[in-house]
Visitor: 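Below are the structure tokens for one structure; questions will follow.
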Amino acid sequence: MMNLDFLSDVQRKAVTTTKGPVLVLAGAGSGKTSVLTNRVAYLIKEKGVSPASILAITFTNKAAREMRERIEKLTGAAAGDIMISTFHSMCARFLRYDADKIGYDRNFTIYDSADCKTVLKRILSDKQLESNILTPGRCMSVISAAKNACAKEAPENYIEDVCEGYSEDMKAVYHAYTERLRAENAMDFDDLLLNMLRVLEEDPKTRSYYTNKYEYVLVDEYQDTNSVQYALVKILSEKHGNIFVVGDDDQSIYAWRGADIRNILDFEKDYQDTTVIKLEQNYRSHERILDAANAVISKARERKGKTLWSARKEGPKPRVYTAPNEYAEAEFVAKEIDRLVREGKSYADISVLYRMHTQSRVLEEKLRTYGIPYQVYGGQSFYERKEIKDMVAYLTVLENEQADTAFLRIVNTPKRGIGEISIEKLRNYAQERGMSLIDAMEYAEEFIGSGASGKFSGCIQVFRDIREMSEGKSLGEQMEVVFNASGYREMLLLQDSTEAETKIENIEELINSAYTFEKQNPEATLADFLASISLISDMDTTAEEGSVTLMTLHSAKGLEFDTVFLVGMEENVFPSRRSIAEDKVDEERRLCYVGITRAKQLLYLTNCASRNLYSGSNENHPSRFLDDIPEGMLDILAAPAPVRRAKEPKQTVVFKPQIEFKPQVKADSASFAVGMEVEHTKFGRGAILSISGEGTQRVASIKFPDGERKMFLSFAPLKIVE
DNA sequence: CAGTGATGTGTTTTT
DNA sequence: CACATCACTG
């Protein structure tokens with residue numbers, strides 16, 4: 001018998017109620033993952049359910065991976081056969097088999113949002129529709145929203161409703177975009193879900209295959225599902241009816257991406273005889289933190305209503321600090337981290353959370369000054385770098401010749417003397433004949449002079465070479481062929497700059513990841529590899545040991561830290577300007593709740609009296625969320641600086657930053673050696689006593705005037721003294 | 001066709 | 001302020 005004694009009564013009920021629909025309303029830190037994983041283990045070990053008939057869906061690859069690992073620990077190797085996947089990868093995998101049923105080739109390409117924006121940009125400029133309202137970004141969100149709503153309403157009607165005044169243009173863009181992707185045998189993220197739904201709706205055989213196969217369906221973060229995901233879940237569970245969803249309406253923060261909070265609020269109406277289980281005991285934080293969290297969330301309008309409580313009654317109250325500006329705020333954060341670490345916390349225990357990525361810059365600057373190792377999540381991802389996207393574009397064209405968007409990206413990279421005008425002629429020619437650009441190149445003489453058509457022959461030759469040389473090769477080898485035969489490596493070598501060198505390193509890292517991928521998935525095809533690249537983000541990388549974590553509040557969901565700094569608690573920052581303007585503050589409120597409940601032990605809430613937003617400085621009022629927490633629950637570290645009376649001399653703790661942004665000449669971490677004399681921007685001169693570790697983890701013990709310190713060589717602002 | 005400098009523009013969150 | 005796009009020159 002499986003031992004479930006470590007679970008609470010309600011948790012155990014959630015694990016062992018295996019039949020019929022179950023809705024688990026799981027507050028933050030209430031042991032939801034434990035319930036989910038133990039339930040799967042229970043199904044297999046106690047109920048004799050075959051692993052292959054279990055489908056568990058998450059929202060991030062990281063969550064999926066962690067769930068698999070934990071289930072493996074509980075059940076052993078059998079976990080390999082369970083389908084544990086994100087909505088998007090699940091659909092991508094299904095569609096590799098089923099895409100032909102709705103008229104796609106099974107080797108379809110997945111375009112990420114950057115690719116889609118490129119497509120839209122081209123459509124807008126072709127149709128001469130570019131304007132302030134019709135920007136690629138805005139079109140993208142309208143189209144995405146229309147597709148997400150599509151399980152309820154026809155996209156045309158949706159656009160009509162939403163784009164009052166310019167809906168005709170918008171519809172034209174929508175159709176052109178849809179046709180383009182179809183012609184390129186490509187799908188965007190939304191299409192993955194939507195097309196899978198269509199397959200299930202239109203092909204009864206496929207539908208019964210999947211609905212028979214999956215006897216138990218589990219969905220994590222159900223509050224984040226949109227209408228298409230809702231419909232998918234509904235269909236996939238229709239045969240056996242064992243649908244188990246876990247979520248927290250208070251943590252619904254993706255409405256802007258089409259998530260519909262009604263999905264969780266109405267679950268009981270949608271599924272007859274639902275067992276509802278509430279997990280309200282929090283095992284993560286102490287009561288002082290939960291008090292603050294409850295104070296903030298209790299003002300949200302629409303809730304199922306839950307109150308988190310913890311058995312841990314005592315702990316430090318959340319600390320509030322008001323800085324004069326964002327530099328002082330960052331300085332405060334860095335100083336506190338430095339102090340906490342000296343008191344025994346480790347860097348990995350600490351996280352700094354902000355509303356938007358741009359806030360990380362100042363923080364990074366200060367953390368570097370203090371020699372604090374950190375890791376920033378999100379922002380520009382590895383796979384979004386130009387050189388990586390270029391390499392991926394070559395592979396995409398290799399796999400799917402219809403992928404014009406990918407082709408256009410690299411037709412003249414490296415430079416082959418093919419300019420805009422030639423490309424324009426090529427596009428027209430291809431358009432008229434309904435052929436792909438790469439095929440149209442063969443007929444260059446028909447639409448362009450002999451000089452320019454020679455350039456195209458050169459390009460044709462490049463692709464031919466790549467194809468010939470990569471014939472029968474493995475993924476990693478194919479990638480190397482592309483890097484060399486495309487002339488990309490040569491181009492970078494010729495630039496002979498440090499930037500070019502990093503680009504080469506990045507591409508080599510990509511090649512490495514291809515080798516790793518094929519080792520881990522021996523059956524995998526090029527299309528699979530490309531799909532994994534477009535669906536895996538930096539968010540999925542595991543935390544580096546020994547670093548402070550910097551990330552947005554959105555990406556912090558599902559994580560926990562001993563100490564959390566929630567910075568930028570100001571009106572117009574958090575809640576964001578836009579959410580205030582559009583009357584969508586409730587979602588920000590939930591986001592704040594998510595942020596607060598990440599902290600296990602120590603929580604800091606900081607804000608600035610003034611902040612440089614775009615140009616010039618803005619005086620910002622403290623966030624309404626701060627006001628919502630009764631003062632007695634907080635530990636106010638500095639009196640809030642007066643906002644209105646700016647002329648008054650600034651009282652209290654005005655920070656004197658010890659070092660103002662000195663551009664730092666930082667030595668390469670490999671060049672340090674024991675015995676060297678070095679200079680630190682903050683601690684002054686010192687001597688290296690010893691060095692251990694490798695790469696970014698290389699740590700040196702250094703004797704400074706005020707004592708001995710250990711620091712990461714790759715992070716510390718150190719200079720070698722000659 | 002490519003590379004340079006000037007002008008303008010627009011800002012959240014992400015699978 | 002950072003970034004993209006545009007116009008101009010080589």
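Everything quoted here is computed from the prediction, not taken from an experiment. Quick note on labels: first sequence line is chain A, next is B, and so on, each numbered from 1.
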Visitor: Quick one: sort the A:Y254 and A:H554 rings into parallel, tilted or perpendicular, breaks at 30° and 60°.
Guide: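 Tilted, since the angle between the ring planes falls between 30° and 60°.
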Visitor: Write down the distance between CD (A:E582) and P (B:dT11), rounded to a whole number of angstrom.
Guide: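 Going from CD in A:E582 over to P in B:dT11 covers 13 Å.
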Visitor: How long is the line joining CZ of A:R65 and P of B:dT15, in whole Å?
Guide: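 Whole-Å distance recorded here is 13 Å.
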Visitor: Tell me: CD of A:Q359 to C1' of B:dT12, nearest whole Å?
Guide: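 That distance rounds to 10 Å.
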Visitor: Ring-on-base stacking between A:F59 and B:dT15, under 5.5 Å between centres and under 30° between planes: is it there?
Guide: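 No; centroid distance or tilt outside limits.
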Visitor: Could you tell me whether the side chain of A:L232 reaches within less than 4.5 Å of the side chain of A:L200, counting heavy atoms only?
Guide: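 In contact.
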Visitor: Whole Å only: how far is the CZ atom of A:F189 from the P atom of B:dT14?
Guide: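 So the CZ-P distance, A:F189 to B:dT14, works out to 13 Å.
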Visitor: Got a donor-acceptor contact below 3.5 angstrom from the A:E329 side chain to the A:G568 backbone?
Guide: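 Checking the backbone N and O of A:G568 against the side chain of A:E329, a donor-acceptor pair under 3.5 Å is found.
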Visitor: Taking atom P of B:dT9 as reference, at what distance in whole Å does atom CZ of A:R138 sit?
Guide: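 It is 14 Å, rounded to the nearest whole Å.
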Visitor: I want to verify a distance call: between B:dT15, B:dT12, B:dT14, whose nearest atom is closest to the A:E588 side chain?
Guide: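 Between B:dT15, B:dT12, B:dT14, the one nearest the side chain of A:E588 would be B:dT12.
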Visitor: For A:R578 and B:dT12, is the shortest distance between a side-chain N/O and OP1 or OP2 below 4.0 Å?
Guide: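 Indeed, a polar side-chain atom of A:R578 lies that close.
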Visitor: Could you write out each protein N or O paired with an N or O of nucleotides 4-9 of chain C at a distance under 3.5 Å?
Guide:
| unit_1 | atom_1 | unit_2 | atom_2 | d |
| --- | --- | --- | --- | --- |
| C:dT5 | OP1 | A:K121 | NZ | 2.5 |

Visitor: Closest to the A:S576 side chain: B:dA2, B:dT14, B:dT12?
Guide: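 It is B:dT12.
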Visitor: Verify the contact: side-chain N or O of A:N148 to OP1 or OP2 of B:dT15, cut-off strictly under 4.0 Å; return yes or no.
Guide: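 It does not, given that no N or O in the side chain of A:N148 lies less than 4.0 Å from OP1 or OP2 of B:dT15.
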Visitor: With nearest nucleotides of DNA chain B determined for A:G417 and A:H554 from heavy-atom distances, which residue corresponds to the more 5′ nucleotide?
Guide: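 The 5'-side residue here is A:G417.
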Visitor: Hey, does the side chain of A:R361 come within less than 4.0 Å of C:dA2's phosphate (OP1/OP2), counting only N and O?
Guide: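 Answer is yes, contact under 4.0 Å.
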Visitor: Rounded to whole angstrom units, what separation is found between the CD1 atom of A:I418 and the C1' atom of B:dC1?
Guide: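 Roughly 11 Å, once rounded to whole Å.
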Visitor: With distance as the sole criterion, is a donor-acceptor pair present between the side chains of A:D115 and A:T405 under 3.5 Å?
Guide: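 Short answer, no.
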Visitor: Contact class for A:D112 (heavy atom, under 4.0 Å): base, sugar-phosphate, or nothing?
Guide: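 No contact.
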Visitor: Mind checking A:I421 for me? I need base, sugar-phosphate or nothing, with any heavy atom below 4.0 Å counting as a touch.
Guide: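 Sugar-phosphate: the residue A:I421, judged by heavy atoms under 4.0 Å, touches backbone atoms but no base.
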Visitor: Grab the N/O contacts between the protein and nucleotides 3-5 of chain B below 3.5 Å, and write none if there aren't any.
Guide:
none

Visitor: Could A:R257 and A:F189 be counted as a cation-pi pair, given that NZ or CZ must be under 6.0 Å from the ring centre and within 45° of the axis?
Guide: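 No, a cation-pi geometry is absent between A:R257 and A:F189.
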Visitor: Return yes if some donor-acceptor pair links the side-chain N/O of A:E560 with the main-chain N/O of A:A599 below 3.5 Å, else return no.
Guide: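 Flag not set: sc A:E560 to bb A:A599 has no pair under 3.5 Å.
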Visitor: When you measure from the side-chain N and O atoms of A:S422 to the phosphate of B:dC1, is any distance below 4.0 Å, counting only OP1 and OP2?
Guide: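 For B:dC1, OP1 or OP2 has a side-chain N or O of A:S422 closer than 4.0 Å.
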Visitor: Salt bridge or not for A:R93 and A:D528, using N-O below 4.0 Å?
Guide: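 Looking at A:D528 together with A:R93, the answer is no, because their closest N to O distance does not fall below 4.0 Å.
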Visitor: Using the C1' atoms only, state how far B:dT12 lies from C:dT5, rounded to an integer number of Å.
Guide: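 It works out to 23 Å between them.
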Visitor: Show every salt bridge (charged side-chain N to carboxylate O under 4.0 Å, His left out) that has at least one partner inside residues 136-150 of chain A, sequence neighbours left out.
Guide: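 Salt bridge (charged side-chain N to carboxylate O under 4.0 Å, His left out) check on residues 136-150 of chain A returns A:K147-A:D188, A:K147-A:D191.
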Visitor: Could you give the CD1-to-P distance, from A:I533 to B:dT15, as a whole number of Å?
Guide: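 It is 16 Å, rounded to the nearest whole Å.
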Visitor: With distance as the sole test, does A:Q375 use its side chain to make a donor-acceptor pair with the main-chain N or O of A:T549 at under 3.5 Å?
Guide: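 The answer is no, because no donor-acceptor pair under 3.5 Å joins these two groups.
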Visitor: Would you mind telling me which residue lines up with the more 5' stretch of DNA chain B, A:F87 or A:M356, judged by nearest nucleotide?
Guide: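 Upstream on the strand: A:M356.
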Visitor: Between B:dT14 and A:H357, is there an OP1 or OP2 to side-chain N/O distance shorter than 4.0 Å?
Guide: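 A:H357 to B:dT14 OP1/OP2: side-chain N or O found under 4.0 Å.
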Visitor: Could you check whether the rings of A:F625 and A:F574 sit parallel, tilted or perpendicular, using 30° and 60° as the cut-offs?
Guide: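 Aromatic pair A:F625/A:F574 classed perpendicular.
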Visitor: Return the value, rounded to whole Å, for the distance between atom CD of A:E326 and atom C1' of C:dC1.
Guide: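 Rounded to the whole Å, the gap is 12 Å.
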Visitor: Can you tell which of A:D250, A:D224, A:D248 makes a salt bridge (charged side-chain N to carboxylate O under 4.0 Å, His left out) with A:K557?
Guide: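 Output: one option passes, namely A:D224.
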Visitor: Taking only side-chain N and O atoms of A:T552, does any of them lie within less than 4.0 angstrom of OP1 or OP2 on B:dT14?
Guide: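 Affirmative; the distance criterion is met.
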